[in-house]
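Working notes for the structure below.
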Amino acid sequence: EEAEARRAAEQEGATRDGVRIEVAANVRRLADAESAVRFGAEGVGLLRTEFLFMARREAPSEALQVQMYQAVAEALQGRPVIIRTLDVGGDKPLPFVEMPREANPFLGQRGIRFSLAHPDLFKTQLRAILRAAATHPIHLMFPMVSTVDEVRQARALLDAARREAMEAGHDVGTPQVGIMVETPSAVWLADHLATLVDFFSIGTNDLTQYLFAADRTNPHVAELADPFHPAVLRAITHTARVAGEHGVWVGVCGELAGDPLGAVLLVGLGVRELSMNPPAIPRVKRALGRFTLAEAQHLAQQALTLEDGKAVRAWGAEQMRNS
Ligand code: PEP
Ligand code: MG
């Protein structure tokens with residue numbers, strides 16, 4: 001495994017005919033960022049900042065956040081890092097903020113909804129990201145977007161955070177701004193949303209949960225929540241097509257991106273950045289290198305016609321064996 005990781009680290013993500021696919025890492029803490037580089041990550045596609053917050057008894061200060069974000073970027077040695085603003089709520093409480101008791105937390109005040117309801121906490125994080133982006137290739141994205149207005153509000157707070165940081169005498173960068181597409185409404189608003197952002201990162205974990213109305217943490221319905229299902233792949237197809245029409249680039253940071261078959265199908269659907277748990281990187285790079293873009297597109301088109309996720313996985317496994 002060590003030798004394979006070293007080989008993957010030296011090799012760029014690409015299809016067999018040389019179409020570049022950025023293979024990036026999902027990261028929760030500094031140690032993950034260091035291991036991401038060892039496994040050959042070409043960037044961080046998702047820094048889940050909530051874990052940096054959840055581990056603490058008090059909200060981390062702006063200065064401490066700047067340090068934490070810079071440290072992750074330093075570990076990536078010049079590779080790009082996408083910082084996702086807090087995605088608390090749902091199954092992820094914050095110890096130092098009073099959270100509403102909710103009957104259905106996954107349908108409640110999580111992600112961007114929580115951040116917009118706590119503008120001071122949110123702007124502190126935004127100032128820290130802007131400051132870290134002054135010296136490092138850092139981009140930012142908002143989680144759990146379900147309406148156009150949420151993105152407008154978040155961007156207005158980002159502008160305010162920029163002004164505040166500059167007034168305080170800090171240098172700020174100009175990060176690309178993206179959103180996670182992980183709710184069905186975001187999929188169907190992709191044309192409007194694309195006018196407000198630089199990129200989409202599709203979160204297949206939540207998108208699957210919300211498309212099937214099947215709690216991702218509930219083992220009794222785990223079988224329903226299958227990201228290989230054509231219902232999910234069709235949502236991704238729509239998102240990627242609309243994004244392409246608007247010149248917005250598309251990545252995927254859900255678990256599907258870290259599966260060799262999933263990665264090939266996603267590339268066939270138009271995705272050009274895949275972010276995953278670091279140990280998955282070598283095998284995903286290897287899988288991508290076995291197919292041309294046209295072959296991946298052909299596979300994806302076939303998968304879209306099947307009836308369920310089981311059929312896609314069975315058929316796909318055969319295609320992977322024969323490739
Ligand atoms: C997702 O929902 O697919 C995702 C990548 O975000 P998280 O798993 O952190 O909710
Ligand atoms: Mg999510």
Side-chain angles (χ1 to χ4, degrees), residues 22-29 32-33 36 41 43-55 72 81-94 104-115 125 139-147 150-151 154 178-187 190 193 197 199-218 221-222 224-229 231-233 235-236 239-240 250-259 262-263 265-266 269 271 273-281 284 309:
E22 188 182 332
V23 181
N26 293 350
V27 162
R28 296 181 174 201
R29 55 181 71 83
D32 299 344
V44 166
L46 168 61
L47 174 62
R48 289 179 161 116
T49 57
E50 56 275 10
F51 291 94
L52 300 171
F53 282 61
M54 284 159 62
V72 170
V81 174
I82 299 177
I83 300 183
R84 179 174 72 180
T85 61
L86 274 181
D87 188 20
V88 293
D91 58 340
K92 293 182 280 200
L94 266 191
N104 295 294
F106 275 119
L107 305 181
Q109 199 182 66
R110 62 169 293 210
I112 194 70
R113 304 171 185 181
F114 175 90
S115 289
Q125 180 169 40
H139 307 306
L140 87 93
M141 72 176 169
F142 304 120
M144 263 305 282
V145 165
S146 61
T147 71
E150 285 167 346
V151 181
I179 55 167
M180 297 216 35
V181 173
E182 53 184 344
T183 63
S185 60
V187 169
L193 294 169
V197 297
F199 67 91
F200 288 160
S201 185
I202 301 174
T204 53
N205 308 335
D206 277 310
L207 185 57
T208 304
Q209 146 168 281
Y210 295 125
L211 282 170
F212 287 100
D215 182 342
R216 63 192 267 190
T217 65
N218 181 342
V221 295
L224 277 176
D226 184 352
F228 284 96
H229 200 292
V232 179
L233 301 180
I236 296 169
T239 306
V250 182
V252 171
C253 60
E255 298 307 318
L256 188 61
D259 178 279
L265 294 175
L266 290 169
L269 295 177
V271 172
E273 182 244 24
L274 301 164
S275 194
M276 62 204 68
N277 293 329
I281 290 171
V284 163

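Along the sequence shown, residues are numbered consecutively beginning with 1. Counting convention: from 1, in listed order, for ligands and their atoms alike.
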Classify the side-chain pair Q125/T49 by whether it contains a donor and acceptor separated by less than 3.5 Å. yes
Atom of E182 closest to the Mg ion (ligand 2), considering N, O or S atoms: OE1
Strictly below 4.0 Å, N to O, side chains only: are E50 and R84 in salt-bridge contact? yes
So, S275 side chain and G45 main chain: donor-acceptor pair closer than 3.5 Å or not? yes
Can D87 and R48 be counted as an ion pair, charged N to O under 4.0 angstrom? no
Interatomic spacing from CE in M141 to CD1 in I83 - rounded to 0.5 Å: 10.5 Å
If I consider every N, O or S atom in D206, which one ends up closest to the Mg ion (ligand 2)? I only need its name. OD2
T208 (side chain) donor-acceptor with D226 (main chain) under 3.5 angstrom: no
Chain-and-number sorted residues having a heavy-atom contact under 4.0 Å with ligand 1 are L46, R48, R84, D87, K92, R110, M180, E182, G203, T204, N205, D206, R216, C253, G254
Any donor-acceptor pair under 3.5 Å linking the side chain of Q209 with the backbone of N205? no
